[in-house]
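Numbering starts at 1 and runs along the sequence shown. In this text, all values refer to a predicted model and were calculated from it rather than measured experimentally. All values below were derived from every heavy atom in this structure, side-chain atoms included, with hydrogens, water molecules and symmetry-related copies excluded. Order of listing sets the numbers, starting from 1, for every ligand and every atom in it.
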Amino acid sequence: MTKLGVNIDHVATVRQARRGIEPEPVWAAAVAELAGADGITVHLREDRRHIQDRDVELLRRTVQCKLNLEMAVAEEIVGIALELGPDQATLVPEKREEVTTEGGLDVLGAGDALASAVERLKAAGVQVNLFIDPVAAQIQGSADIGADGVELHTGQYALASGEEAGERLGELAAGAALAANLGLCVAAGHGLNYLNVMPVTALPQVEELNIGHSIISRAIFSGLERAIREMKDLILEADRSVEKEPG
Ligand code: PXP
């Protein structure tokens, strides 16, 4: 079964618009779990534009499913992650001026800081995934550096339409197959929504999807629980269509 990690950063974005106490990301995580989320994903950005330190502390104490911390390879954030002990860390590139994470990590050009972060997080018992584009050299580099898994960046696929979407999906399929062959866990995410999620889910090696913006956007109109259930239903339907093992 493909697992759904619900990214609740956007709940914090709304709260930070007023720098107040609502909406509360911890409540969002609780509703998400009750609605069937398999994981809660948050990105503690260096600029703290949405998720705050107190959020990750409270989430660590309250989330009962998988807590996945998206994070830059920055010493301050690595230190917080080591103290916090999320179930999983997804290492992402981070630029201050970007609206959201734009591209995958350059594993090959990342140098010692990345290798050291992977090693220390793994030693602390944290599963470490690297958020990368579906490019063979980056996938091989992720295995070489000792990551447990990769999260394949689906942003280009999500932006494409028609034939190009098919090509992008082909890249994701090849990337997922290579990663699994190298013994890496395979997650995928970024830009996935109710219209484009099924073909990615149907890739046999994809074990986990991390989805935020589309779910929180739908939740404004239909409520978070329903938005998550509807996404889970599509994932289950795609799983059934390719007879993915129930997990
Ligand atoms: N995965 C990673 C690594 C991300 O950085 C993000 C965005 O925070 C997501 C998944 C979720 O993307 P979206 O909000 O477009 O669903």
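Checking His153, His43, Arg45, Glu151 against atom 1 (N) of ligand 1, the nearest heavy atom belongs to Glu151.
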Side-chain atoms of residues 110-118: list all donor-acceptor pairs with protein atoms under 3.5 Å, sequence neighbours left out, distances to 0.1 Å.
unit_1	atom_1	unit_2	atom_2	d
Ser116	OG	Arg120	NE	3.1
Ser116	OG	Arg120	NH2	3.2

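Side-chain N or O atoms of Asp148 include none that pairs as donor or acceptor with a backbone N or O of Gln127 at under 3.5 Å. Checking side-chain atoms of Glu151 against main-chain N and O of Leu130 turns up no donor-acceptor pair under 3.5 Å.
There is a path of hydrophobic side-chain contacts, each under 4.5 Å, that joins Leu182 to Leu203.
An N or O contact shorter than 3.5 Å is missing between Ile211 and ligand 1 by distance. Close N/O approach between His213 and ligand 1 is found [any backbone or side-chain N/O within under 3.5 Å].
The closest approach between any non-hydrogen atom of His190 and ligand 1 is below 4.0 Å. Look at Gly191 and you'll find a heavy atom under 4.0 Å from some atom of ligand 1.
Heavy-atom contacts of Val92 reach the following atoms of ligand 1: 3 (C) (cutoff under 4.0 Å).
At a heavy-atom cutoff of 4.0 Å, ligand 1 is contacted by the side chain of Glu70 but not by its backbone.
Using modelled atom types and a 3.5 Å distance limit, the side chains of Asn193 and Ser214 yield no donor-acceptor pair.
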